[in-house]
Amino acid sequence: MLCMKRTLILYYSFEGNSEWAATCLAEKLGEQADIERLIVRREPPKRGFFKFLIGGRSAIKGIDPGLNELTLNPADYQQIVLFFPIWAGTFAPAIGALLKKYPLEGKTVHLVASSASGSEGRAFDNIAAALNGSKIASSVCLRLPGSNRAEAEEKLSQLADALKA
Ligand SMILES: Cc1cc2nc3c(=O)[nH]c(=O)nc-3n(C[C@H](O)[C@H](O)[C@H](O)COP(=O)(O)O)c2cc1C
């Protein structure tokens with residue numbers, strides 16, 4: 001019989017912080033988790049004024065950035081851990097696209113946001129509203145984890161312990 005892993009880590013990262021944090025958690029869980037990056041077809045410019053203007057607007061308006069098919073199927077896992085950046089006080093549009101395409105019904109979901117301020121704004125409430133029939137088991141917001149690694153690692157170790165329990 002095929003033995004499924006319990007935990008799937010899905011992450012979207014525009015500037016590397018969520019990627020660092022997701023990879024850090026994956027290393028802590030080792031064989032117990034799979035990990036996949038969310039790839040979108042449309043992103044804001046990487047720098048300059050329009051990065052924030054276009055990115056922030058797309059998050060507030062919930063504009064669909066066009067999510068590529070995942071190679072792993074979330075339906076095969078019990079626990080889903082979502083890593084994502086905060087844009088304009090809410091989740092980056094890749095997460096909205098994910099929830100639309102893969103509803104995560106019946107899953108236990110853990111949220112890990114990254115932001116410059118350390119605050120998640122309205123992101124967790126907005127995701128809770130978008131999730132249908134799944135339970136948010138934990139949520140944490142990391143302050144620029146790629147640059148504040150010790151602080152982030154402590155929180156990620158606690159999450160790893162909860163996921164293993
Ligand atoms: C378009 C855009 C909007 C942002 N809006 C916010 C915000 O409202 N609050 C905040 O604290 N940080 C904001 N940031 C900073 C990011 O949340 C932060 O740098 C995060 O760690 C980036 O994660 P990533 O490196 O995985 O993309 C914004 C960044 C971008 C690109």
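Remember, it's 1-based here, ligands and their atoms both numbered in the order they're listed.
- The protein heavy-atom contact nearest to atom 23 (O) of ligand 1 is Pro85 CB, 3.2 Å.
- Looking only at side-chain heavy atoms (C-beta outward), Leu142 and Asn148 stay at 4.5 Å or farther from each other.
- To the nearest 0.5 Å, atoms OH (Tyr12) and CG (Leu98) are separated by 13.0 Å.
- By the criterion of side-chain heavy atoms lying less than 4.5 angstrom apart, applied directly or through intervening Ile, Leu, Val, Met, Phe, Trp or Tyr residues, Tyr77 is grouped together with Leu104 in one hydrophobic cluster.
- Considering backbone and side-chain atoms alike, Gly56 places every N or O at 3.5 Å or more from each N or O of ligand 1.
- Proximity to Glu15 (heavy-atom distance under 4.0 Å) selects the following atoms of ligand 1: 19 (O), 24 (P), 25 (O), 27 (O), 31 (C).
- Under the 4.5 Å side-chain criterion, counting only non-hydrogen atoms from C-beta, Pro93 is in contact with Trp87.
- Of all protein heavy atoms, the one lying nearest to atom 8 (O) of ligand 1 is Gly89 N, 3.0 Å.
- The closest heavy-atom contact to atom 7 (C) of ligand 1, among the options Ala88, Cys141, Ser115, comes from Ala88.
- The shortest N or O to N or O distance between Ser117 and ligand 1 is below 3.5 Å.
- For the atom pair Lys100 NZ and Leu67 CG, the distance stands at 10.0 Å (nearest 0.5 Å).
- Residue Ser13 has at least one heavy-atom neighbour below 4.0 Å for each of these atoms of ligand 1: 24 (P), 25 (O), 26 (O), 27 (O).
- Between Asn17 and ligand 1, at least one N/O pair is under 3.5 Å apart.
- Remark: Lys164 NZ is packed, more than 12 non-hydrogen atoms of other residues, nucleotides or ligands lying under 6.0 Å away.
- Considering both main-chain and side-chain atoms, Gly55 never comes within under 3.5 Å of ligand 1 through any nitrogen or oxygen pair.
- The N/O atoms of Ile86, backbone and side chain alike, include one that comes under 3.5 Å of an N/O atom in ligand 1.
- Here NE2 of His110 is found 6.5 Å from CG of Leu159. Values are rounded to the nearest 0.5 Å.
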side-chain hydrogen bond (donor to acceptor under 3.5 Å, both in side chains) between Thr108 and Gln79, intermediate numbers included: CA-CA 5 Å; Thr108 300; Gln79 313 188 111; 5.8 Å; no

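- Residue-ligand proximity, Leu144 to ligand 1, at heavy-atom distances under 4.0 Å covers atoms 18 (C), 19 (O), 21 (O).
- Among protein heavy atoms, the minimum distance from atom 31 (C) of ligand 1 is reached at Trp87 NE1, 3.7 Å.
- Of the polar atoms of Gly16, at least one N or O is found under 3.5 Å from an N or O of ligand 1, judged by distance alone.
- In terms of heavy atoms, Pro85 sits closest to Ser18 at N-OG, 3.5 Å.
- Remark: Ser134 OG to Leu99 CG distance equals 8.0 Å, nearest 0.5 Å.
- In terms of N/O distances under 3.5 Å, ligand 1 is not approached by Tyr12.
- Of all protein heavy atoms, the one closest to atom 12 (N) of ligand 1 is Ala116 N, 3.2 Å.
- Looking at ligand 1, you'll find an N or O of Ser114 within less than 3.5 Å of one of its N or O atoms.
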